[in-house]
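Structure first, commentary second.
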Amino acid sequence: MYDYDLLVVGSANADLVIGVERRPGAGETVLGTDLAVHPGGKGANQAVAAARLGARTALLARVGDDDYGRLLLDSQRAAGVDTVGVLVGGAPTGVALITVDPSGDNSIVVSPGANGRLAPGDVRAAASLFHASRVVSTQLEVPLETVVEVVRSLAPGSRFVLNPSPPRPLPQEVLAACDPLIVNEHEAKVILGDSCVSDRPEDWARILLAKGPRSVVVTLGAEGALVASGAEVTRVPSVKVDAVDTTGAGDAFTAALAWRLGTGESLADAAAYAARVGAATVTKAGAQASYPTAAEVEAL
């Protein structure tokens, strides 16, 4: 019935990465490693991660008519992503400036570029992609009105997955469509706002669920994740690995979870698989270059 297991709607950036001994404070300059340029962006990352695992994947995004845009298109096609929905032009390709410290933690500043021009009209024009997709996943590196249009364009019977990053308050129409809403600790606190009356992730999951999503996943890094659906909150353990670089790990988790949900797995089982994918990802440098195949995930 479906041509695609997963349609990703979202951002495509060139990641400009510098390793640092420590991240600079205000007014401070630190020396770093040579600049490395990688294909990235939360949307593009999710699409590559899913395709590498074996999912039939399409990407709806916008890039510039420039070298970075061509880098991103080449990376998608090499992973097996269908790029029929990638629009070219209108602004320079988005860029993410990333510093990575010796522990593998990163700090990121994003210049949206063409991502900010992905408009509701582009979503409406891609109606055939939505009707051909079992699961639709998006993030918030594209305009919020575009995400709202994604929700309105969902085909009957398809499933909507949202990672609200970078986080901001969400309209009820979007929250009600999420199945699941996937947040880390920072994103959970932003969306909860004044409702964040507890330090326990289990409580965050329950309060988020009460705001309207059909299900919620709270990722906890090395501590695994929590999944909440109905009255039940389940903890999903992590896989212990030596982290090299956490860049893009959350995107790999979301992509793997979305794909496995589309195959009919339960939320807890899909999250457990996604945790293994995330663990495999952080053992290598970069975002898309670090994404594992299904065989590499099984090896964990």
Side-chain angles (χ1 to χ4, degrees), residues 1-12 41-61 76 79-86 118 122-124 126-142 146-165 170 173-183 212-217 219 225 227-229 236 248 250-278 291 294 297:
M1 177 181 176
Y2 297 101
D3 294 328
Y4 303 106
D5 299 312
L6 180 63
L7 168 63
V8 181
V9 184
S11 58
K42 290 186 176 299
N45 285 352
Q46 287 185 15
V48 167
R52 198 159 288 167
L53 291 169
R56 298 169 301 164
T57 308
L59 175 66
L60 174 57
Q76 294 292 311
V81 177
D82 190 334
T83 59
V84 66
V86 180
L118 187 67
D122 297 327
V123 173
R124 290 190 291 271
S128 61
L129 281 178
F130 285 86
H131 285 280
S133 301
R134 184 183 303 275
V135 180
V136 178
S137 175
T138 191
Q139 329 78 37
L140 298 183
E141 286 186 338
V142 296
T146 303
V147 175
V148 172
E149 192 62 37
V150 168
V151 169
R152 294 173 179 172
S153 300
L154 296 171
S158 65
R159 190 162 187 163
F160 178 65
V161 176
L162 174 64
N163 171 220
S165 180
L170 295 169
E173 181 180 5
V174 172
L175 281 170
C178 295
D179 193 14
L181 175 74
I182 303 176
V183 293
R214 301 175 193 181
S215 58
V216 170
V217 175
T219 60
V227 301
S229 179
V236 175
D251 301 326
F253 179 97
T254 297
L257 178 69
W259 170 50
R260 298 294 277 216
L261 288 173
T263 67
E265 281 193 354
S266 70
L267 184 60
D269 287 344
Y273 181 81
R276 294 197 296 275
V277 172
Y291 292 153
V297 176

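When all heavy atoms of S133 and V136 are compared, the pair lying nearest together is CB-CG2, 4.4 Å. In plain terms, the two heavy atoms of V135 and A258 that are nearest each other are CG2-O, 3.7 Å. Listed here is the closest heavy atom pair of A255 and A50: CB-N, 3.9 Å. The minimum heavy-atom distance between A12 and A61, with the atom names listed, is CB-CB, 4.5 Å. Looking at every heavy atom in both residues, A79 comes nearest to V48 through CB-CG1, 3.9 Å. Taking all atoms of both residues into account, the shortest heavy-atom contact from S165 to K42 is OG-CE, 3.0 Å.
Residues L60 and V86 form no side-chain contact, since every pair of their non-hydrogen atoms from C-beta on lies 4.5 Å or further apart. When side chains are defined from C-beta on, F253 does not count as touching N163, because their heavy atoms never get closer than 4.5 Å. Looking only at side-chain heavy atoms (C-beta outward), V84 and L129 come within less than 4.5 Å of each other. Residues Y273 and L257 have side chains not in contact (no heavy-atom distance under 4.5 Å, counting atoms from C-beta outward). Looking at F130 and V123, their side chains come closer than 4.5 Å, going by heavy atoms from C-beta outward. For the pair R134/R159, no side-chain contact is recorded, criterion being any heavy-atom separation below 4.5 Å from C-beta on. At least one side-chain heavy atom of E173 sits under 4.5 Å from a side-chain heavy atom of R152. Side-chain atoms of L162 and F160, non-hydrogen and from C-beta on, do get closer than 4.5 Å to each other.
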Inset, instruction - Would you sort out whether D82 and L59 count as a side chain to side chain contact (heavy atoms under 4.5 Å, CB included), showing the intermediate values? - result: CA-CA 7 Å; D82 190 334; L59 175 66; over 6 Å; no
Inset, instruction - Please report the C-alpha distance between S266 and D269 in whole Å, then the side-chain angles of each, then the deciding distance to 0.1 Å, and finally whether the side chain to side chain donor-acceptor pair (under 3.5 Å) criterion is met. - result: CA-CA 5 Å; S266 70; D269 287 344; 3.3 Å; yes
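Put simply, the residue from V217, V227, L267 that forms a side chain to side chain contact (heavy atoms under 4.5 Å, CB included) with V236 is V227.
Atom CZ of R260 and atom CD of E265 lie 4.0 Å apart (nearest 0.5 Å). Summarising the geometry, atom CD belonging to Q139 is positioned 5.0 Å from atom OG belonging to S11; distances are rounded to the nearest 0.5 Å. One finds the CD atom of Q76 at 8.5 Å from the CG atom of N45 (value rounded to the nearest 0.5 Å).
A donor-acceptor pair under 3.5 Å is absent between the side-chain atoms of T146 and the main chain of V142, judged by distance alone. Distance alone, capped at 3.5 Å, is enough to place a donor-acceptor pair between the T138 side chain and the V9 backbone. Although no hydrogens or angles enter the test, the distance criterion places a donor-acceptor pair under 3.5 Å between the side chain of T57 and the main chain of A55. Judged by distance alone, the side chain of S158 and the main-chain N or O of A155 form a donor-acceptor pair under 3.5 Å. The backbone N or O of R56 lies less than 3.5 Å from a partner atom in the side chain of D5, making a donor-acceptor pair.
Side-chain contact annotation: S215 with D179, donor-acceptor N/O pair under 3.5 Å present. A side-chain donor-acceptor contact under 3.5 Å links Q46 and S137.
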